[in-house]
Asks: 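Pasting in a structure now, in structure tokens, and then I'll have a few things to ask.
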Amino acid sequence: MKNTALWLTEAEVAGHVPMNDAIDTLERNLIEIADGAAFNVPKALGSLGNGGAMHALASASPRLGVCGFKTWVHTPNGAKAVFALFGTHDGTLLAMMEANTLGQIRTAAMTALGTRWLAPANADDLAIVGTGRQAIAQVYAINTVRPLRRVRVWSRDAERRQAFADKVRADLPQADVTVASSLEAATDGASLVTIVTRATEPFFRADLLAPQAHLNAVGAILPANAEFFPDVFERARAVVVDDLDNARSGSRELRERYGADAPQWPDVQTLHGVIKRGGLPAGGSGDITLFKAMGMGLSDLAIAALAYERASTTAGTSQTVPLTAAAPIRWAKG
């Protein structure tokens with residue numbers, strides 16, 4: 001058993017896991033789910049009141065020899081996450097790492113996979129709705145799988161819209177990046193739409209979507225929140241989620257549509273199932289595709305394991321934490 005564990009900072013995680021590698025690694029891990037070789041532990045959620053919440057996600061890949069837990073606290077004044085990576089053979093703590101950036105990487109990489117497998121092959125016109133801390137990585141990840149010709153930016157804050165567009169324009173010089181004056185202007189004719197907001201009530205209507213468009217709904221991951229109206233389902237030829245258990249427990253949109261207590265959701269597919277089948281079946285009554293990403297432990301594990309693998313081969317660049325054996329328990333005499 002090792003006597004030290006790695007400690008990785010946010011910057012080290014980002015440096016070890018570029019977006020294209022994150023997407024491909026996550027796809028391989030999703031195939032492991034489809035093969036029954038890896039599994040998620042459903043999310044645990046506790047409310048702190050006043051908009052604050054405690055979260056925990058876990059997963060394991062015995063084939064890869066790793067398992068892990070991400071825990072985090074979100075409050076109106078800030079949030080912080082950490083990830084603990086263990087070896088499945090002997091329970092060794094392999095690494096602890098700051099996980100806010102890890103969360104951004106895996107969330108964006110999952111959206112990229114949804115786009116890769118569900119969006120039209122020629123889709124290159126993105127409407128990004130929301131300009132919070134998750135949004136910029138969403139644009140870069142989608143650009144990795146569908147090189148973008150055009151990006152339109154919309155959120156409620158005009159100043160943030162402009163700053164966001166300026167950054168994307170500098171980083172993606174091939175794309176025509178504009179600030180939209182309204183949600184309608186942002187989505188008009190867009191073949192790709194990603195909504196990543198903190199909305200607590202639905203605001204996105206089905207008639208905002210162009211024919212054959214692909215919608216990534218990323219922001220509402222708490223059972224009290226929602227981003228899109230039920231009429232979006234009416235246009236969907238495929239409704240796909242990253243993790244069915246988390247969608248059943250945490251997606252207000254899907255719970256209201258398919259029944260929170262319904263024993264099955266036969267109309268909802270998983271992304272790992274789509275990948276295993278090689279894509280969506282032809283046909284269907286709708287004209288758009290919908291990907292609802294909730295977050296799951298295996299996404300975090302894929303990125304954490306890759307960061308650890310690369311950090312552990314780079315001698316002397318990461319901090320270590322000494323591990324000590326458990327002290328004998330001393331029982332008090334009655």
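The figures here come from the full heavy-atom set of this structure, side chains too, leaving out hydrogens, waters and symmetry mates. Positions are given from 1, in the same order as the sequence printed here.
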Asks: Hey, is Arg146 close enough to Asp124 for a salt bridge, meaning N to O under 4.0 Å?
Replies: no

Asks: Which donor-acceptor pairs under 3.5 Å do the side chains of residues 112-122 make with protein atoms, sequence neighbours left out?
Replies:
{"residue": "Thr115", "atom": "OG1", "partner": "Thr111", "partner atom": "O", "Å": "2.9"}
{"residue": "Thr115", "atom": "OG1", "partner": "Asn216", "partner atom": "ND2", "Å": "3.1"}
{"residue": "Arg116", "atom": "NH1", "partner": "Glu27", "partner atom": "OE1", "Å": "3.0"}
{"residue": "Arg116", "atom": "NH2", "partner": "Asp24", "partner atom": "OD1", "Å": "3.4"}
{"residue": "Trp117", "atom": "NE1", "partner": "Glu27", "partner atom": "OE1", "Å": "2.9"}

Asks: Please say yes or no: joined through hydrophobic side-chain contacts below 4.5 Å, possibly via intermediate residues, are Ile142 and Ile136 part of one cluster?
Replies: yes

Asks: Do Val268 and Val240 come close enough that some side-chain heavy atom pair is under 4.5 Å?
Replies: no

Asks: So, using salt bridge (charged side-chain N to carboxylate O under 4.0 Å, His left out) as the criterion, who are the partners of Glu184 when residues are at least two apart?
Replies: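 Counting only residues at least two positions away or on another chain, Glu184 forms a salt bridge (charged side-chain N to carboxylate O under 4.0 Å, His left out) with Arg205.
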
Asks: Taking C-beta and beyond as the side chain, do Ile195 and Leu215 meet within less than 4.5 Å on heavy atoms?
Replies: yes

Asks: Suppose we screen for side chain to side chain contact (heavy atoms under 4.5 Å, CB included). Which residues come up paired with Ile221, at least two apart in sequence or across chains?
Replies: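 Ile221: side chain to side chain contact (heavy atoms under 4.5 Å, CB included) contacts with Lys43, Met294.
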
Asks: Which residues satisfy the side-chain hydrogen bond (donor to acceptor under 3.5 Å, both in side chains) test with Asp287, sequence neighbours excluded?
Replies: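 In terms of side-chain hydrogen bond (donor to acceptor under 3.5 Å, both in side chains), with neighbours along the sequence ignored, Asp287 is linked to Arg235.
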
Asks: side-chain contact (heavy atoms from CB on, under 4.5 Å), that's the test. Do Thr197 and Phe203 meet it? Break it down for me.
Replies: CA-CA 10 Å; Thr197 72; Phe203 68 91; 3.6 Å; yes

Asks: Do Trp154 and Thr187 have side chains that get closer than 4.5 Å, going by heavy atoms?
Replies: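 No, their side chains stay 4.5 Å or more apart.
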
Asks: Check salt bridge (charged side-chain N to carboxylate O under 4.0 Å, His left out) between Asp243 and all other residues, then give those that pass, not counting sequence neighbours.
Replies: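 With neighbours one apart ignored, the set is empty.
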
Asks: Which residues satisfy the side chain to side chain contact (heavy atoms under 4.5 Å, CB included) test with Asn100, sequence neighbours excluded?
Replies: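 Applying side chain to side chain contact (heavy atoms under 4.5 Å, CB included) to Asn100 gives Glu10, Lys80, Ala81.
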
Asks: Mind checking what makes salt bridge (charged side-chain N to carboxylate O under 4.0 Å, His left out) contact with Arg252, not counting sequence neighbours?
Replies: Glu201, Glu256

Asks: Any salt bridge (charged side-chain N to carboxylate O under 4.0 Å, His left out) involving residues 213-234? Give me the pairs, sequence neighbours left out, ordered by first then second residue.
Replies: Glu234-Arg257

Asks: Does a side chain donor of either Asp90 or Thr92 reach within less than 3.5 Å of an acceptor in the other side chain?
Replies: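 A pair is found: one side chain offers a donor N or O, the other an acceptor, under 3.5 Å apart.
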
Asks: Please list, chain by chain and in numerical order, all residues satisfying side chain to side chain contact (heavy atoms under 4.5 Å, CB included) with Arg198, sequence neighbours excluded.
Replies: His74, Arg133

Asks: Can you pull the ring pair (Phe, Tyr, Trp, His ring centres under 6.0 Å) pairs that have at least one residue in residues 251-274, sequence neighbours excluded?
Replies: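 Every pair satisfying ring pair (Phe, Tyr, Trp, His ring centres under 6.0 Å) with a residue in residues 251-274: Phe233-Tyr258, Tyr258-Trp265.
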
Asks: Would you be so kind as to tabulate the donor-acceptor pairs closer than 3.5 Å made by side chains of residues 53-65, with sequence neighbours excluded?
Replies:
{"residue": "Ser59", "atom": "OG", "partner": "Gly297", "partner atom": "O", "Å": "3.0"}
{"residue": "Ser59", "atom": "OG", "partner": "Leu298", "partner atom": "N", "Å": "3.3"}
{"residue": "Ser61", "atom": "OG", "partner": "Glu32", "partner atom": "OE1", "Å": "2.6"}
{"residue": "Ser61", "atom": "OG", "partner": "Leu64", "partner atom": "N", "Å": "3.4"}

Asks: Would you mind reporting whether Ile23 and Thr144 have side-chain heavy atoms less than 4.5 Å apart?
Replies: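 In contact.
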
Asks: Hey, are Asp245 and Arg248 close enough for a salt bridge, meaning a charged N less than 4.0 Å from a carboxylate O?
Replies: no

Asks: Just to verify, what does Pro230 make a side chain to side chain contact (heavy atoms under 4.5 Å, CB included) with, not counting sequence neighbours?
Replies: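 Scan of Pro230 (side chain to side chain contact (heavy atoms under 4.5 Å, CB included), adjacent residues dropped) gives none.
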
Asks: State, yes or no, whether a side-chain contact exists between Leu6 and Met96 at a heavy-atom distance under 4.5 Å.
Replies: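 Not touching, per the 4.5 Å side-chain cut-off.
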
